[in-house]
Every structure is written in C-alpha cells, then in structure tokens.
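Chain letters run A, B, ... following the sequence lines, proteins first, then strands; residues in each count from 1.
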There are 2 protein chains.
Amino acid sequence: MNKQKRFSDAEFDAVECSVSHQSLFDCLTKDEINMLDEFKSCLTFKKSQQIFNEGNYPLGIYCIDHGKVKLSHSGEDGKMQIVRLATAGNIIGYRALFCNEKYNASAIALDDTSVCFIPKDVFMKVLSLNTQLAQNFIRLLATDLRKAEDHMTELAQRPVRERMAKALIALRDLYGLVKGETTINVSLSREEIADIVGTATETTIRLLAELKNEGIISFSGKKISIENMAALEKIAHCYQPSYQYSR
Amino acid sequence: MNKQKRFSDAEFDAVECSVSHQSLFDCLTKDEINMLDEFKSCLTFKKSQQIFNEGNYPLGIYCIDHGKVKLSHSGEDGKMQIVRLATAGNIIGYRALFCNEKYNASAIALDDTSVCFIPKDVFMKVLSLNTQLAQNFIRLLATDLRKAEDHMTELAQRPVRERMAKALIALRDLYGLVKGETTINVSLSREEIADIVGTATETTIRLLAELKNEGIISFSGKKISIENMAALEKIAHCYQPSYQYSR
DNA sequence: GGCGATTTGTGATGTTTGTCATATTTATCA
DNA sequence: TGATAAATATGACAAACATCACAAATCGCC
C-alpha cells in the first residue's frame, strides 16, 4: 500500500497495527510513525486473559491488531457491567490515560488477541505534536460518550427483552458472522451476555430460550444465530407491551 | 485579575464567561481570547427555556456564565433521561460539535441562565491552534465518559432507592446549598428527579416521602434538605437489602 | 476417557417497580 | 382573585425481574 518508502519488518508491523485498520492514525507523519514504532511493543493474550485491570494506572494505550476485547466495569457488589466491546482496529485504554485516572474497567480478551502497546510518554508526545490526531481522539471520545448516553437511557427505560434484542444486533454488527455460517462471530458466556444487557444470568438464559422458541434466534452452546432479523429488530425498536391492562 | 492589558467591556465579558470559572480556557493566548471575543455572543434564557434542542445540528458551544442547565435525552417512548447536569463555569454543546452529529440531548435552563455562545468555526479554529486546549477538552470528554460508564453500571445494577440517594448527594455536590439555608440549591420537579434517577415519577414521589418519614431528608415543594447525610450516604454506598429471604 | 468444576438450564417464589386511576395540592394567568 | 391547568400525592394492582435452590449438561484437565 505505502510504496513511498520501504519499512523494516518492525516498522511495518507498527504500521499494520496502528494505521491499517483505523483512520485515527491516518494523520501521522512518517516521523511520528517512527516515534511510535521505536517504542511500541506487541503483546498477545489468550482468551479470557486480562490486558489491563480496573484500578491500575495506565502506562499506555493498546491498539488491537486482531482479536476481541470486553471492557468490563465492576459494580458495587462485584457484578460486572460490560461498558464497551472492541475488535481488531480499535484502540483501548485511552480514556483513563487522558485524565490520568485509574482504569475504570478491565480489558479482557474474548478470544486470542494481539495488541500493540504504545507507552504513555510517546503517545502523549505525538498527541501534542499532531493537532489532527488530537481531534481524531476528541471525535472518538465524543462518539463513545453519545453511545454511553444512549445506553444509559436504554438501561433506565427499556425492558430486558428489548435490550437483549439490541445487544444481539449490536454483537452481530460489531463482530459479524463466522464465515460460511450464520452464527455471530463471538463466543460469550450467558453471564457475559447478561453483563452486556445489564440483567441476571438466569434472566438471560430464559430470554435466549424464549427467543429460540419463537424461532427468532437459534443457538447451540455459545454459537448464536439470528434466524429472523426483522422480528429481532422489531423487538429492539418498537417495544410492544407483552400485556394489556384490562379496560 | 488580568492586569497586563485593559480590556474593553465587551472583551472583559468574554474573559469573564470563558476564563474566570473554568480552567479549560486557561491555556489561551491573548490573540486566541481576542478571536473568541470577536465572535462570541451572550444569550440569556429564562427557567425552562431551551438552549439547544436534541436533533438539531450544533452551531457552536455554550459556556454557562451563570445559571443551571439539564441535558435531557429522549428515550424511545418519549420519556426523558437527564444525562448530564451543568452549572456556572461549565461548557455544554461540545459533544455533538466534536463529532459533527446532531445534538443527542436538549439543553434546558433549570433557572434563569446566561451563556456565552462561541460559533463553531472560531472555536474549532482556536482548538486546532492550541494543543493545550485540545488536551483540556480530551480530558473533559474522558471524564464525562467515566461518569457515564459508572452511571450505566448503577442503572443496570443498583435499586432505585440507592440511585435516588446518590442523585441527591450529587445534586448537593454540584449545586451546593441555598445560602443561609440547608436546602439544595436547585429547583427540580419530581419528574425531573425521576429523569435523573431513571425511574417513574410516582416512584420518585414515594421514595422521597419515605426518606422524609425516615428523617433523612425534608422538603417543602421543590426545596429539599438533606437532614442526615450519614444515613443518606449509607443508602447510597452500601446497599442493604430491605428484605431477607427465609432460611 | 473419566472426574471434578464450571456453565447452562429450570422451577418456585416474592420483591421491586411501573402503570393506571384518582384525589389533592400548588401554580398559572386572565 | 378565581378559574383552570399542572404538579404532587396515594392506593390498588400486576408485570418484570432477581434471587435462591438444584438439576443437567458441558468443559477442562490429568
């Protein structure tokens, strides 16, 4: 793709993991890319390993080269809430870094995952040099914030069944389908789905069984397929009360 | 405060509304302040008037000179969720601007409010000139995002009574007390409190009455006092189940 | 392959909470 | 000030959902 200059293998790796997927780093100059390359390191995590841990201070940011990650925040009684999901090309760990806070959520690999770690100092240096990069992160944060606000409103107002439908659609949108199959390309436990939807694990199990009975989804273990997207979207969008008060 | 140069009255106003309250604009040079001054305009809103409206495109940002503002997002069935509250010195309207989106929430004055409007072009220009300003907004957004994530988790996991206690404490922290009194310095309807807590208006009314009976708060109309902060904090932090299953 | 641990599934149960109806109080404005 | 609208309050009730208990299936690992 980039024919103007031959990169060494190491450099090319960094370009891979920062630029190829993500428009965020499009704006970097060669010098800036080289700065990042010099200090970046590539790390791999097996499924269910922690990439960073809620309560620790951030040391840098992580660009996901390939794999899937959940950002899981612990509630007061220890129950987890998944506040964001990430996939190849996404960056994680930037929020805490930007306000010098402890991580508010743990990042856990949902799959074997490889990431590119950029140390705090180098990243912040490049951020201060490149106005466009700063604006790209501003846009990213502002988008995250809108999503969070929408999610807050749904959690406060919408019933579990509707949130479940929305979550299944969102999972398919983010992770797509396993190629050659109709199953959503992410493997989540019932508990993890519950932590996305914001409900009890048992309720999630019952609700998935219900949707399966209705022919809207099908599943075997953690492989979930959407069989009737129109019906699922209907549940997700327009909430039909499942009961009517007598009149 | 700023003795280095005499400002005209108009200039001084702008400095007042952008710099005096808020550290966000500390980093501006004189030239940058002058740019903002030249194009800013001051607007006033009476209680319950809209400053901007969900669904419209932003034309600039608003710095609150004095007053109080709610940012209220409409749920699917039209029920409102208050996603942020703002007071003098805060800035509003920046989120939508940063990602070129429609406003995701309406800004409504909770009190007679005066704001300083800075048009999009000028603001974005200054933002691109001043790296420190960009980083300040990055920090602001990152902080907003953490708050939103915490709130999401609470909405998903904590009972209404606990969220109500948290909300009352947050209101006192943000708006303080009416001077010479013990009442929280903001006037909200029961419906607005419900839209903060994420519950039905009737539930809010009942819960406030309950807290009043317990001597934890007192109120007359919209004037609410916290009578027993320790007890309220206990409700807010450590959730004690109000029932026990038989064993 | 088999054993223990984890995950998934199911039933019973009752709390929490929202909804509707309606009264009462408070605010608004001619 | 009085009429009218809006906000607050209260009761009845049922749905939504969590919790606990325990059974069945699946997974991980030696």
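Between the P atom of dG28(D) and the NZ atom of K47(A) lies a distance of 8 Å, rounded to the nearest Å. Computed from coordinates, the R190(A) CZ to dA18(D) C1' distance equals 19 Å when rounded to whole Å. Between E191(B) atom CD and dT26(C) atom C1' there is a gap of 16 Å when expressed in whole angstrom units. If you take CZ of R158(A) and C1' of dC17(D), they are 16 Å apart, rounded to a whole angstrom. In this entry the distance linking CG of L208(B) with P of dT8(D) reads 10 Å, nearest Å. Rounded to whole Å, the distance from CD on E192(B) to P on dA6(D) is 16 Å. To the nearest angstrom, P of dA15(D) lies 17 Å from CG of L207(A). When rounded to the nearest whole Å, the span between CE of M164(A) and P of dA18(D) equals 10 Å.
Residues passing the side chain to side chain donor-acceptor pair (under 3.5 Å) test with K223(A): none are found, sequence neighbours excluded.
Residue Q49(A) places its CD atom among more than 12 non-hydrogen atoms of other residues, nucleotides or ligands, all under 6.0 Å distant.
In terms of phosphate contacts, R161(B) brings no side-chain nitrogen or oxygen within less than 4.0 Å of OP1 or OP2 of dT16(C).
Between the side chains of N53(B) and Q50(B), at least one donor-acceptor pair of N or O atoms lies under 3.5 Å. Checked by atom type, the side-chain pair S189(B)/E191(B) shows no donor-acceptor distance below 3.5 Å.
Taking for each of R206(B) and D77(A) the nucleotide of DNA chain D with the nearest heavy atom, the 5'-most of the two is the partner of R206(B).
Partner of Y62(A) under the ring pair (Phe, Tyr, Trp, His ring centres under 6.0 Å) criterion, chosen from Y94(A), F45(A), F52(A): F52(A).
For the segment residues 194-204 of chain A, residues with any heavy atom less than 4.0 angstrom from an atom of DNA chain D are, sorted by number, T199(A), A200(A), E202(A), T203(A). Looking at residues 212-228 of chain B, you'll see that no heavy atom sits under 4.0 Å from any atom of DNA chain C.
Taken to the nearest 0.5 Å, the CG atom of L208(A) stands 5.0 Å off from the CD1 atom of I193(A).
Looking at K79(A), its side chain does come within 3.5 Å of a backbone N or O of T199(A) through a donor-acceptor pair. No donor-acceptor pair closer than 3.5 Å links the side chain of H151(B) to the backbone N or O of K147(B).
The pair R158(A)-E154(A) does not meet the salt-bridge criterion, since no charged nitrogen lies less than 4.0 angstrom from a carboxylate oxygen.
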